[in-house]
Amino acid sequence: MDNSSVCHPNATVCDGDSCLAPESNFNAILSVAMSSVLTILLALVMFSMGCNVEIHKFLGHIRRPWGIFVGFLCQFGIMPLTGFILSMAFGILPVQAVVVLIMGCCPGGTASNILAYWVDGDMDLSVSMTTCSTLLALGMMPLCLFLYTKTWVDSGTIVIPYDSIGTSLVALVIPVSIGMFVNHKWPQKAKIILKIGSIAGAILIVLIAVIGGVLYQSAWIIEPKLWIIGTIYPIAGYSLGFILARIAGQPWYRCRTVALETGMQNTQLCSTIVQLSFSQEDLNLVFTFPLIYSIFQIAFAAILLGIYVAYKKCCGKNNPELQEKTDNEVEPKASFQETNKGFQPDEK
């Protein structure tokens with residue numbers, strides 16, 4: 001039987017709902033080139049985000065890390081558990097369940113810092129959460145994968161690319177640190193850099209999603225259950241992160257920050273782990289899931305941003321809580337802030 005009537009003309013492996021075409025040399029070269037360019041652009045964008053971080057406030061979160069602790073519970077508590085529940089609920093294949101859990105165990109992505117700026121979040125908390133979650137991932141990823149994946153596979157077969165985690169950490173810390181220094185020395189110039197970088201960051205997020213879709217368009221045909229999980233997973237992360245932060249008594253702008261840090265995962269790291277850990281046959285079943293998650297996490301974040309901007313225009317002037325600490329203004333005291341001293345600067 002001629003498979004060309006069923007599969008893509010260039011497909012080499014077809015298995016049920018999954019179809020994989022070989023990667024051409026052009027795609028390989030384009031992938032390396034675009035990866036290098038995007039890494040440089042991302043570093044520049046993170047430099048501009050660092051221009052909105054104040055050193056003393058950033059160190060305040062490190063010294064009294066109540067906000068980081070809430071984010072830690074969301075990142076390595078809510079997300080892996082949600083992935084486990086979704087995998088069990090949809091009854092997906094073991095290899096697919098493992099990939100869903102790998103996504104849930106990854107640290108937060110740097111795109112959350114860009115979006116935190118656009119929703120008037122706490123940039124100091126956002127950067128400190130991303131940095132700490134990436135650092136803690138060195139130990140928490142193996143632990144979470146051991147606890148959750150043993151239902152399906154031996155967790156020892158999953159390769160954790162510590163070098164990639166280290167690279168992500170360096171690519172985040174160095175540009176942000178330089179941006180913080182610029183903000184400390186030349187605050188007026190830092191504001192100009194921030195405005196340019198915030199716009200460039202928004203364009204970069206869209207560009208990454210589009211390039212990913214073009215480079216891997218031959219692997220878009222996968223099991224519908226993974227499409228559904230990829231749709232539910234990020235919005236569940238945003239929602240549960242926001243709810244837990246509010247239960248912990250945090251102000252609205254920090255709830256928005258924690259929500260973005262929870263739902264916005266490091267999908268590039270997930271893709272690296274998947275490619276290192278699975279055979280070509282298994283990759284046919286799961287290869288595109290990180291990309292699906294990436295697209296939907298960006299899509300839902302854009303929708304939430306649109307809702308926030310619309311609400312801010314309609315009701316922001318009459319809602320004092322919505323205006324808390326916008327543009328680095330001094331935040332007013334509230335009863336829950338009195339309770340959670342970890343968020344307050346030292347007062348003499």
Side-chain angles (χ1 to χ4, degrees), residues 18 20 72 74-112 130 133-169 208 212 216 219 222-223 225-238 240-241 261-298:
S18 297
L20 186 68
F72 171 81
C74 294
Q75 192 70 62
F76 297 110
I78 286 178
M79 292 304 286
L81 180 59
T82 302
F84 180 80
I85 292 172
L86 288 173
S87 299
M88 296 294 288
F90 283 91
I92 55 180
L93 297 174
V95 65
Q96 295 171 334
V98 171
V99 172
V100 171
L101 285 165
I102 290 173
M103 177 61 71
C105 295
C106 284
T110 52
S112 61
T130 303
S133 69
T134 303
L135 181 62
L136 292 171
L138 295 170
M140 290 305 301
M141 283 192 72
L143 176 61
C144 291
L145 289 172
F146 171 76
L147 293 175
Y148 287 105
T149 61
K150 62 183 179 180
T151 303
W152 294 283
V153 297
D154 178 11
S155 59
T157 61
I158 302 174
V159 180
I160 306 295
Y162 294 101
D163 55 342
S164 295
I165 297 176
T167 301
S168 299
L169 191 61
I208 291 173
Y216 302 110
I222 63 171
E223 189 173 351
K225 289 181 181 179
L226 287 182
W227 275 99
I228 298 173
I229 293 175
T231 305
I232 296 174
Y233 207 173
I235 195 65
Y238 292 139
L240 294 173
E261 292 293 332
T262 303
M264 191 71 66
Q265 299 292 85
N266 190 334
T267 54
Q268 294 88 348
L269 178 60
C270 180
S271 295
T272 302
I273 295 174
V274 169
Q275 293 182 57
L276 290 174
S277 303
F278 297 104
S279 65
Q280 186 65 42
E281 183 180 356
D282 289 334
L283 283 175
N284 301 333
L285 301 172
V286 299
F287 181 68
T288 318
F289 180 75
L291 181 59
I292 291 173
Y293 186 98
S294 178
I295 288 175
F296 280 111
Q297 76 175 0
I298 292 171

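None of these values were measured; they are calculated from a predicted model.
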Quick one: closest heavy-atom pair of [X] and [Y], and the distance?
{"X": "C105", "Y": "M141", "answer": "O-CG, 3.1 Å"}
{"X": "G237", "Y": "M79", "answer": "CA-SD, 3.6 Å"}
{"X": "C74", "Y": "T262", "answer": "CB-OG1, 3.1 Å"}
{"X": "G108", "Y": "S133", "answer": "N-OG, 3.4 Å"}

Ignoring hydrogens and geometry, is there a side-chain-to-backbone donor-acceptor pair from [X] to [Y] under 3.5 Å?
{"X": "T134", "Y": "T130", "answer": "yes"}
{"X": "Y238", "Y": "Q297", "answer": "yes"}
{"X": "K225", "Y": "I92", "answer": "no"}
{"X": "Q265", "Y": "C106", "answer": "yes"}

Would you mind reporting whether [Y] and [X] have side-chain heavy atoms less than 4.5 Å apart?
{"X": "I232", "Y": "F90", "result": "yes"}
{"X": "L135", "Y": "L138", "result": "yes"}
{"X": "I228", "Y": "L86", "result": "no"}

Rounded to the nearest 0.5 Å, what's the gap from [atom1] on [X] to [atom2] on [Y]? Could you check?
{"X": "I102", "Y": "Y148", "atom1": "CD1", "atom2": "OH", "value": "15.0 Å"}
{"X": "C270", "Y": "L291", "atom1": "SG", "atom2": "CG", "value": "11.0 Å"}
{"X": "Q96", "Y": "L101", "atom1": "CD", "atom2": "CG", "value": "12.0 Å"}
{"X": "T82", "Y": "I229", "atom1": "OG1", "atom2": "CD1", "value": "12.0 Å"}
{"X": "T231", "Y": "Y293", "atom1": "OG1", "atom2": "OH", "value": "11.5 Å"}
{"X": "L147", "Y": "L81", "atom1": "CG", "atom2": "CG", "value": "11.0 Å"}

